[in-house]
Amino acid sequence: MLGGDVVAFWEVELSDGVYKIQFSHGSTTGKRIVTVNGHEVIRRDWMFKLVGKETFTLGDSKTRATIHIEAVGGFSYQYSLDINGKSLQTFLNQRAQSTETWIIQVDGVDTRVVLEKDKMDVWCNGQKMETMGEFVLNGTETRFLLGTHECVISTTTSSGKTRKNVIVHNLLLDGQIVKQQ
């Protein structure tokens with residue numbers, strides 16, 4: 001497996017799932033191993049150049065991920081992850097603004113529901129759902145089925161304490177509002 005050379009670990013949430021990335025780097029041999037959710041996606045043995053980058057894709061969306069390896073003195077290295085050309089933190093901040101995520105129990109199974117606000121696409125446990133959107137009084141409703149359960153994502157605007165309107169997304173499972181995690 002990976003042995004004692006594991007130097008970095010990241011967790012990236014995408015619409016089609018959560019990806020756990022583990023990076024092993026042999027600072028004397030240059031060995032590089034990248035695993036995603038326990039599956040090896042890159043293995044390089046005996047690299048003479050100890051710094052550089054490794055690029056791979058995540059999920060069905062083929063989201064581009066790049067691990068940067070930089071020397072910080074002697075045999076010390078710094079590791080960073082970019083997603084779609086952005087630092088991981090920038091990517092996560094932008095993603096938090098562009099998606100809503102709920103974790104719900106459906107027939108005793110944890111189910112991860114993700115709404116991509118820009119496209120109004122809905123994903124459940126990594127599967128893009130067939131949806132039907134409609135305009136209603138004060139907003140929109142996006143309907144889809146989870147097995148035999150009817151789900152609705154209700155999108156409305158509400159004025160908060162400031163003068164700015166706030167867009168609110170609520171998930172209803174069989175008519176009951178699901179609380180945000």
Side-chain angles (χ1 to χ4, degrees), residues 1-131 144 146-147 153 169 171 178 180-181:
M1 191 70 178
L2 296 178
D5 294 333
V6 175
V7 294
F9 179 84
W10 299 275
E11 191 169 284
V12 179
E13 287 189 31
L14 300 177
S15 296
D16 63 350
V18 177
Y19 295 91
K20 296 177 181 183
I21 302 164
Q22 199 165 353
F23 182 57
S24 296
H25 183 226
S27 60
T28 54
T29 65
K31 175 181 76 173
R32 300 177 188 178
I33 301 173
V34 177
T35 63
V36 177
N37 292 346
H39 299 286
E40 193 173 288
V41 296
I42 293 175
R43 173 182 282 274
R44 302 197 197 291
D45 292 314
W46 296 103
M47 298 280 295
F48 292 105
K49 188 173 181 185
L50 299 177
V51 296
K53 62 185 181 178
E54 294 295 340
T55 299
F56 52 100
T57 59
L58 298 172
D60 292 336
S61 62
K62 303 285 186 223
T63 300
R64 193 183 56 169
T66 302
I67 297 172
H68 296 273
I69 309 150
E70 299 174 47
V72 291
F75 281 100
S76 296
Y77 298 91
Q78 177 177 309
Y79 308 95
S80 61
L81 178 68
D82 288 354
I83 304 294
N84 282 342
K86 300 173 187 151
S87 73
L88 179 59
Q89 194 57 54
T90 298
F91 176 81
L92 293 176
N93 290 345
Q94 289 176 347
R95 184 141 178 85
Q97 298 296 313
S98 66
T99 62
E100 291 284 340
T101 302
W102 296 269
I103 307 295
I104 60 175
Q105 284 271 323
V106 178
D107 296 329
V109 175
D110 280 342
T111 303
R112 184 173 175 266
V113 179
V114 178
L115 169 66
E116 293 179 343
K117 296 177 195 176
D118 55 346
K119 297 182 264 181
M120 295 304 287
D121 286 342
V122 176
W123 295 75
C124 295
N125 286 350
Q127 293 267 356
K128 187 173 176 186
M129 303 302 289
E130 191 72 35
T131 63
F144 59 99
L146 273 177
I153 296 177
H169 302 279
L171 174 63
V178 176
Q180 280 298 95
Q181 292 288 323

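What you are looking at is a predicted structure, and each value in this text was computed from that prediction instead of being measured. The figures here come from the full heavy-atom set of this structure, side chains too, leaving out hydrogens, waters and symmetry mates.
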Result of checking Arg64, Lys53, His68 against Asp82 for side chain to side chain donor-acceptor pair (under 3.5 Å): His68
Pairwise side-chain contact, Trp102 with Ile153, heavy-atom cut-off 4.5 Å (strictly under): yes
Set of ring pair (Phe, Tyr, Trp, His ring centres under 6.0 Å) partners for Phe9, sequence neighbours left out: none
Modelled atom types, side-chain donor and acceptor of Ser15 and Arg95, under 3.5 Å: yes
Within-4.5 Å side-chain heavy-atom neighbours: Val113 and Val178: no
Side-chain heavy-atom pair Ile67, Arg32 within 4.5 angstrom cut-off: no
Lys128 to Trp123 - nearest heavy-atom pair and separation: N-CE3, 3.4 Å
Exercise: identify the closest heavy-atom pair between Ala71 and Val51: N-CG1, 3.6 Å
Residues in side chain to side chain donor-acceptor pair (under 3.5 Å) contact with Asp110, at least two apart in sequence or another chain: Gln105
Over 12 foreign heavy atoms within 6.0 Å of CD, Gln127: no
Return all side-chain donor-acceptor pairs below 3.5 angstrom for residues 55-63, not counting sequence neighbours, or 'none' if the list is empty.
{"unit_1": "Thr55", "atom_1": "OG1", "unit_2": "Thr66", "atom_2": "OG1", "d": "3.1"}
{"unit_1": "Ser61", "atom_1": "OG", "unit_2": "Thr63", "atom_2": "OG1", "d": "2.7"}

Minimum-distance pair of heavy atoms, taken over all atoms of Ser80 and Trp10: C-CZ2, 3.9 Å
Gln22 backbone acceptor or donor facing Ser24 side chain under 3.5 Å: no
Donor-acceptor pair between Asn93 and Gln97 side chains, under 3.5 angstrom: no
Set of residues satisfying side chain to side chain donor-acceptor pair (under 3.5 Å) with respect to Thr90, sequence neighbours excluded: Ser87
Over all atoms of both residues, closest heavy-atom pair of Leu88 and Ile83: CD1-CG1, 3.9 Å
Contacts of Tyr77 that satisfy ring pair (Phe, Tyr, Trp, His ring centres under 6.0 Å) - sequence neighbours left out: His25
Residue pair Phe91 / Leu81, side-chain heavy-atom distance below 4.5 Å: no
Residue pair Lys31 / Asp45, side-chain heavy-atom distance below 4.5 Å: yes
Sub-4.5 Å side-chain heavy-atom contact between Met120 and Leu115: yes
Side chains of Val114 and Glu13 in contact at under 4.5 Å (non-hydrogen atoms): no
Audit row: Leu146, Ile104, side-chain contact (heavy atoms from CB on, under 4.5 Å) steps and yes/no: CA-CA 11 Å; Leu146 273 177; Ile104 60 175; 4.0 Å; yes
Set of residues satisfying side chain to side chain donor-acceptor pair (under 3.5 Å) with respect to Lys117, sequence neighbours excluded: Glu100
